[in-house]
Amino acid sequence: MKILVPVKRVVDFNVKIRVKADGTGVDLANVKMSMNPFDEIAIEEAIRLKEAGKAEEIIAVSIGPQKAQETIRTALAMGADRGILIKCDDEVEPLAVAKLLKGVVDAEKPDIVILGKQAIDDDSNQTGQMLSALLGWPQGTFASKLELDGGKARVTREIDGGLQTILLNMPCIITTDLRLNEPRYASLPNIMKAKKKPLDEKTAEDYGVDITPRLKVLETVEPATREAGEILATPEDLVEKLKTQAGVI
Ligand code: AMP
């Protein structure tokens, strides 16, 4: 069984985002970039399936600039077998990403694609669902548990108010939620070994996909800064403020 895991290079989750002075987007100059955290969970899940003898090969694919190679190398150091970089210098929107991934699926014929539920830079939460629609494959989104048995995938999903379990025919699309697993760190020997693992380079033209953006960003602004809190001496002071300032009682 083959597993395909799309991994996106995004601003590291610890970085405090700065908006460019002219408001045209987020400032990426000298900013630490990492693998999208939900994609680390997807890679970890694929590795666990391989370790359990349920998968033979894990392919990590990234769509992005040359530097997205580093993200693929991280996936290879964690335990993926080979990588594919689809080189695109500009931001690629979820629909174009999904079309490119469909091209990879048609060429590689994986049994499962495990994506993150969302990329933490655009927060779109669209790519897995769009890929599922383009392929006509069933989807198990926001998975917090995944079990494979007899050509079927049993997926426990986190939904409002509880957990839902669904049974999917394979091939299928899975998207990962935070509680699916805790991703491992790559060891130094594995980081060295990853340098020798195969990494193919492709372009959007290789898959015949037009990646021209369909959306136009009109403005990017910093969130409003929160006002400092105030410590009050007595409950009476609080009641007074709720009456006179907040006007809620
Ligand atoms: P999104 O729909 O943008 O929130 O992304 C959901 C998931 O799609 C991510 O967690 C990745 O698994 C995958 N994905 C999105 N964009 C890319 C990209 N440029 N390269 C590789 N995978 C991507």
Side-chain angles (χ1 to χ4, degrees), residues 3-13 17 25-26 28 33-47 58-76 78 80 82-105 107-108 110 112-135 137 139-144 146 155 157-158 172-181 183 199-204 206-207 209-215 217:
I3 306 178
L4 183 72
V5 184
V7 292
K8 186 176 188 186
R9 179 177 185 262
V10 297
V11 174
D12 187 89
F13 73 97
I17 300 290
V26 169
L28 296 180
M33 307 290 284
S34 302
M35 187 190 301
N36 183 44
F38 292 105
D39 304 350
E40 284 183 354
I41 295 173
I43 287 282
E44 175 67 34
E45 196 63 18
I47 298 167
I58 303 165
I59 307 167
V61 55
S62 195
I63 295 145
Q66 191 66 38
K67 287 208 156 195
Q69 235 197 45
E70 293 165 13
T71 311
I72 298 176
R73 289 280 172 215
T74 305
L76 298 176
M78 285 173 74
R82 62 188 171 92
I84 302 171
L85 170 67
I86 305 177
K87 250 194 90 186
C88 302
D89 286 322
D90 297 318
E91 187 65 26
V92 186
E93 290 172 2
L95 180 58
V97 171
K99 287 180 181 171
L100 289 168
L101 292 176
K102 179 179 185 299
V104 178
V105 168
E108 297 287 348
I112 309 189
V113 186
I114 311 180
L115 305 92
K117 75 166 178 182
Q118 76 194 62
I120 61 164
D121 53 358
D122 59 21
D123 270 348
S124 294
N125 177 4
Q126 294 173 355
T127 310
Q129 294 88 330
M130 286 174 166
L131 180 61
S132 157
L134 291 173
L135 289 166
W137 287 9
Q139 57 180 313
T141 52
F142 313 145
S144 60
L146 171 64
V155 181
R157 311 182 56 235
E158 303 213 347
C172 63
I173 306 289
I174 306 291
T175 74
T176 62
D177 214 330
L178 212 55
R179 272 168 284 272
L180 183 60
N181 62 49
L199 201 170
D200 276 356
E201 277 193 27
K202 301 274 188 191
T203 62
D206 290 337
Y207 296 100
V209 175
D210 176 9
I211 57 167
T212 314
R214 293 163 170 241
L215 304 174
V217 175

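Atoms within each ligand, like the ligands themselves, are counted from 1 in listed order. Just so you know, residue 1 is the first one in the sequence shown, and it goes up from there.
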Audit row: E93, R214, salt bridge (Lys or Arg N to Asp or Glu O under 4.0 Å) steps and yes/no:
CA-CA 8 Å; E93 290 172 2; R214 293 163 170 241; 5.7 Å; no
Answer with side chain, backbone, both or neither: which part of V97 has a heavy atom less than 4.0 angstrom from an atom of ligand 1?
side chain
Could you tell me which atoms of ligand 1, counted from 1 in the order shown, lie closer than 4.0 angstrom to a heavy atom of N125?
1 (P), 2 (O), 4 (O)
Report, in ascending order of atom number, the atoms of ligand 1 lying under 4.0 Å from any heavy atom of V61.
21 (C)
Under 4.0 Å from a heavy atom of L115: give me the atoms of ligand 1 that qualify, with their elements.
8 (O), 12 (O), 13 (C)
Regarding ligand 1, does P6 bring an N or O atom to under 3.5 Å of one of the ligand's N or O atoms?
yes
Return the residue, atom name and 0.1 Å-rounded distance of the protein heavy atom closest to atom 1 (P) of ligand 1.
T127 OG1, 3.4 Å
Between ligand 1 and V92, can you find any atom pair, the residue atom being a heavy atom, that is separated by under 4.0 Å?
no
Within 4.0 Å of some non-hydrogen atom of D122, the atoms of ligand 1 are 1 (P), 3 (O), 4 (O)
Which heavy atom in P6 sits nearest to a heavy atom in I114, and how many Å separate them?
CD-O, 3.3 Å
Nearest candidate to atom 18 (C) of ligand 1, where distance is taken over non-hydrogen atoms, out of I63, V104, T176:
I63
Identify the two heavy atoms, one from G128 and one from I173, that lie closest to each other, and give their separation to 0.1 Å.
O-CG2, 3.7 Å
Hey, is D39 touching ligand 1 through its side chain, its backbone, both or neither, going by heavy atoms under 4.0 Å?
side chain
I need the contact type for T175 against ligand 1. Using non-hydrogen atoms and a strict under-4.0 Å cut-off, is it side chain, backbone, both or neither?
neither
Proximal ligand 1 atoms for A119, defined as those under 4.0 Å from one of its heavy atoms
1 (P), 3 (O), 4 (O), 5 (O), 6 (C)
Less than 4.0 angstrom from a charged side-chain N to a carboxylate O is my criterion; do E158 and K117 meet it?
no
Please state whether I86 comes within less than 4.0 angstrom of ligand 1, counting heavy atoms only.
no
